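Report on the structure given below.
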Amino acid sequence: MKYWLLKSEPDVYSFDDLIKQKIGTWDGVRNYTARNNLKKMEEGDLAFFYHSNIGKEIVGIVKIVKEAFQDPSTDDHRWVAIEVSPVEKLKRTITLKELKENSEMQHLELVKFTRLSVMSIEKSDFEQIIKMSKEKAN
DNA sequence: GCCAACGTTGGC
DNA sequence: GCCAACGTTGGC
């Protein structure tokens with residue numbers, strides 16, 4: 001069981017859009033590092049859904065329901081897509097700012113490699129962030 | 001809108 | 001295979 005973080009611009013595809021669709025295809029990834037992460041995903045893995053640009057915050061949790069397959073948005077065989085379904089919306093969103101200000105979260109790829117759109121997360125960090133979302137801010 | 005940080009492309 | 005030029009992403 002692995003843990004991940006998926007980035008999306010909410011004006012293109014938001015967590016609420018995914019909730020409406022029930023199952024969403026995560027396609028359009030055109031970066032090798034991100035693609036390699038997609039290929040490592042297994043059915044049942046969990047991922048955070050992060051809103052980039054607008055909000056800059058983790059908004060919910062999704063589950064991988066279909067492992068990597070040919071990206072339907074291109075004929076180029078180099079790229080893959082996955083399918084996800086929503087698990088739950090966080091009671092309180094966790095902002096990038098908050099993570100950057102947290103001394104225990106400095107090693108997160110989200111903090112260090114801002115441009116990567118699909119990244120893995122340590123189980124302990126995943127659980128810590130969920131814990132944070134259940135507590136009040138500051 | 002600007003800029004930093006990368007990633008990609010193409011000339012040599 | 002190196003590197004300069006260019007393109008893209010995403011935070012601010």
Side-chain angles (χ1 to χ4, degrees):
Chain A
M1 172 95 172
K2 298 188 222 52
Y3 299 87
W4 309 94
L5 183 142
L6 294 166
K7 271 190 196 176
S8 181
E9 295 183 38
D11 53 348
V12 178
Y13 193 79
S14 70
F15 191 68
D16 287 336
D17 291 335
L18 176 62
I19 287 173
K20 273 180 224 148
Q21 289 188 351
K22 304 273 200 301
I23 288 183
T25 301
W26 206 274
D27 60 13
V29 170
R30 296 290 181 272
N31 171 285
Y32 288 106
T33 306
R35 182 209 61 179
N36 291 342
N37 284 331
L38 286 180
K39 284 187 169 180
K40 282 187 238 161
M41 291 181 182
E42 292 172 5
E43 205 176 310
D45 284 353
L46 295 176
F48 282 131
F49 195 116
Y50 173 86
H51 281 174
S52 64
N53 283 317
I54 303 164
K56 283 164 282 181
E57 58 192 3
I58 295 169
V59 293
I61 300 168
V62 300
K63 183 168 67 179
I64 313 306
V65 295
K66 189 174 180 186
E67 294 174 15
F69 55 96
Q70 168 66 41
D71 186 336
S73 69
T74 177
D75 290 332
D76 193 327
H77 66 276
R78 291 176 299 169
W79 307 115
V80 299
I82 54 154
E83 282 182 4
V84 296
S85 69
V87 174
E88 65 175 328
K89 203 168 179 169
L90 294 186
K91 287 192 180 65
R92 181 174 79 77
T93 59
I94 303 295
T95 62
L96 178 63
K97 182 169 177 286
E98 187 176 345
L99 293 172
K100 281 189 165 175
E101 286 170 353
N102 186 332
S103 58
E104 290 171 24
M105 292 289 157
Q106 296 308 303
H107 60 284
L108 281 185
E109 286 182 273
L110 181 65
V111 172
K112 283 158 74 179
F113 304 104
T114 55
R115 292 185 53 207
L116 189 58
S117 60
V118 181
M119 64 191 82
S120 67
I121 286 205
E122 292 293 322
K123 185 177 187 220
S124 57
D125 293 331
F126 192 89
E127 288 169 348
Q128 175 65 20
I129 290 170
I130 287 175
K131 199 177 152 197
M132 287 165 66
S133 77
K134 290 175 177 167
E135 294 166 356
K136 284 187 177 175
N138 306 314

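None of the values given here were measured: they were computed from a predicted structure. Reminder, nothing fancy here: chain letters follow the sequence lines and each chain counts from 1.
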Chain A contact limits on DNA chain C, taken 5' to 3' with a cut-off of 4.0 angstrom to heavy atoms:
C/dG7 to C/dC12
Let's go through A/Gln70 and A/His77 carefully: what are the C-alpha distance in whole Å and the side-chain angles of both, what is the deciding distance for side chain to side chain contact (heavy atoms under 4.5 Å, CB included) to 0.1 Å, and is it a yes or a no?
CA-CA 6 Å; A/Gln70 168 66 41; A/His77 66 276; 3.9 Å; yes
Would you classify A/Leu96 as touching base, sugar-phosphate or nothing, given that sugar-phosphate means primed atoms plus P, OP1 and OP2, and contacts are heavy atoms under 4.0 Å?
sugar-phosphate
Which part of the nucleic acid, if any, lies within contact of A/Lys97, taking any heavy atom under 4.0 Å across all strands shown: a base, the sugar-phosphate backbone alone, or nothing?
nothing
So, A/Lys7 side chain and A/Leu116 main chain: donor-acceptor pair closer than 3.5 Å or not?
yes
Within the 6.0 Å centroid threshold, strictly below: A/Tyr32 and A/Trp79
yes
A/Thr95 and its side-chain contact (heavy atoms from CB on, under 4.5 Å) partner, picked from A/Lys56, A/Glu101, A/Lys100, A/Glu57
A/Glu57
Can you say whether the rings of A/Tyr3 and A/Phe126 are parallel (under 30°), tilted (30 to 60°) or perpendicular (over 60°)?
tilted
